[in-house]
Amino acid sequence: MDDDRRILFERVYLDTYGQILGYAMRRCDSPEDAADVVAETFEIAWRKVDDLPSGEQARLWLYGVARNVLANHRRGRLRRHTHQTALREDIADRYARTPSPEEHVELGAIGRVFRELSDDDRELLSLVVWEGLDAGEIARVLGGSRNAVRIRLHRARRRFSRGLAAAGVESIPMSPDVRLTTGRSL
C-alpha cells in the first residue's frame with residue numbers, strides 16, 4: 001500500500017472512529033459485539049481503501065459498511081441460535097432419561113464439583129471422559145509431553161475425587177474403564 005492510501009485511511013480512521021463506535025454501541029447488545037462490528041468495519045475500509053471517499057462522505061460510507069456488518073452479525077447470531085436449538089433437541093432426544101430423585105441429587109453434586117474445578121482440570125477430565133482420548137492423544141492436543149499429561153491428569157482426578165468426597169458422592173463412573181472412587185487417588 002502506498003503512502004497516500006495509508007495516510008487517507010489513517011485520517012479517515014482518526015476522524016470517524018468515535019462516530020462509528022457510537023453507531024455500533026447503540027445497535028449492539030454488548031460492548032464486545034460493538035467492538036467486533038467496528039473492527040470489521042475498518043478492516044473492510046482498509047481492504048477497500050481505493051473505494052474510500054474522503055471528507056464527510058467517508059463517514060457516511062462507513063455507516064453503510066457498519067450497517068451491513070451489523071446485518072451479517074445478526075444473521076450469524078440467528079443461524080447459531082437455530083443450530084444450538086436443534087443440537088439441544090437432538091441431545092435431549094438422544095439422552096432423554098428421567099433420573100431418580102437420588103440420582104438427580106447426586107448428578108447435581110457431581111456437576112457442581114466439576115464446575116468448581118479449574119479450567120485446566122475440567123479440560124483434562126473432559127478430554128478423557130467425553131472425547132475418549134488417552135494421555136498420548138491429549139499430549140498432542142495440548143502440545144505437551146505424555147508424561148506431563150499423565151501427571152496433570154492424575155492430579156486432576158485426585159482433586160475431583162476429593163471434591164466428590166466432600167460433596168458426599170461416593171463414586172462415579174468416569175468411562176467404561178476408569179472409575180473414580182473417593183478416598184483413593186487414581
Side-chain angles (χ1 to χ4, degrees), residues 21-22 24-41 43 66 69-186:
L21 177 61
M25 290 288 291
R26 288 184 289 278
R27 288 160 177 80
C28 289
D29 294 333
S30 71
E32 294 81 10
D33 288 345
D36 289 344
V37 167
V38 171
E40 191 171 338
T41 298
E43 188 267 332
V69 169
L70 278 164
N72 287 338
H73 277 253
R74 288 181 183 127
R75 281 190 296 273
R77 187 173 47 237
L78 180 61
R79 265 192 315 275
R80 281 188 302 278
H81 177 73
T82 302
H83 290 280
Q84 289 170 347
T85 300
L87 179 61
R88 276 190 221 104
E89 290 171 0
D90 183 44
I91 289 171
D93 289 345
R94 187 175 303 237
Y95 298 105
R97 179 178 81 80
T98 305
S100 69
E102 297 82 21
E103 288 177 312
H104 186 69
V105 170
E106 190 166 279
L107 289 174
I110 292 167
R112 191 171 44 261
V113 170
F114 186 75
R115 286 187 301 274
E116 290 171 355
L117 293 172
S118 70
D119 290 342
D120 289 341
D121 285 354
R122 283 194 313 269
E123 179 66 10
L124 283 169
L125 295 173
S126 296
L127 288 170
V128 170
V129 177
W130 292 329
E131 311 308 330
L133 302 182
D134 64 27
E137 293 167 328
I138 294 171
R140 284 194 292 280
V141 169
L142 300 179
S145 73
R146 178 184 177 99
N147 192 46
V149 166
R150 289 177 68 188
I151 292 168
R152 288 178 54 205
L153 187 56
H154 170 77
R155 291 175 180 162
R157 286 176 172 153
R158 189 173 57 209
R159 284 188 284 271
F160 189 42
S161 181
R162 286 181 187 151
L164 291 173
V169 178
E170 292 186 25
S171 68
I172 62 165
M174 289 289 288
S175 72
D177 57 338
V178 178
R179 188 168 180 86
L180 269 183
T181 305
T182 58
R184 66 182 185 103
S185 58
L186 298 175

Practice problem: Write down the atom of L164, the atom of V113, and the distance for their closest heavy-atom approach. | Solution: N-CG1, 3.8 Å
Quiz item: How many angstroms lie between atom CZ of R74 and atom CZ of R27, to the nearest 0.5 angstrom?
Solution: 8.0 Å
Quiz item: Is H73 close to D33 at the side-chain level, that is, under 4.5 Å between some pair of heavy atoms?
Solution: no
Quiz prompt | Distance in Å, L70 CG paired with R75 CZ, rounded so as to fall on 0.5 Å steps | solution = 10.5 Å
Quiz item: Do I110 and F160 come within less than 4.5 Å of each other through their side chains, counting heavy atoms only?
Solution: yes
Which pairs of donor and acceptor atoms, one on a side chain in residues 137-151, lie under 3.5 Å apart (sequence neighbours left out)?
{"residue": "E137", "atom": "OE1", "partner": "D134", "partner atom": "N", "Å": "2.8"}
{"residue": "S145", "atom": "OG", "partner": "A148", "partner atom": "N", "Å": "3.0"}

Quiz item: Quick one: are M25 and L21 in side-chain contact, heavy atoms under 4.5 Å?
Solution: yes
Self-check item: Between CD on residue E116 and CZ on residue R112, distance to nearest 0.5 Å
Solution: 7.0 Å
Quiz item: Do L153 and R157 pass the side-chain contact (heavy atoms from CB on, under 4.5 Å) test, and can you show the C-alpha distance, the side-chain angles, and the key distance before you say yes or no?
Solution: CA-CA 6 Å; L153 187 56; R157 286 176 172 153; 3.7 Å; yes
Exercise. Any salt bridge (Lys or Arg N to Asp or Glu O under 4.0 Å) involving residues 122-133? Give me the pairs, sequence neighbours left out, ordered by first then second residue.
Key: D119-R122
Quiz item: Where is the tightest heavy-atom contact between T41 and A66, given as atom of each residue plus distance?
Solution: OG1-CA, 3.4 Å
Practice problem: Could you go through the side-chain contact (heavy atoms from CB on, under 4.5 Å) check for D29 and R77 one step at a time? | Solution: CA-CA 12 Å; D29 294 333; R77 187 173 47 237; 4.0 Å; yes
Quiz item: Any side-chain heavy atom of L125 sitting closer than 4.5 Å to one from L117?
Solution: yes
Quiz item: What is the minimum heavy-atom distance between D120 and R152, and which atoms define it?
Solution: CB-NH2, 4.0 Å
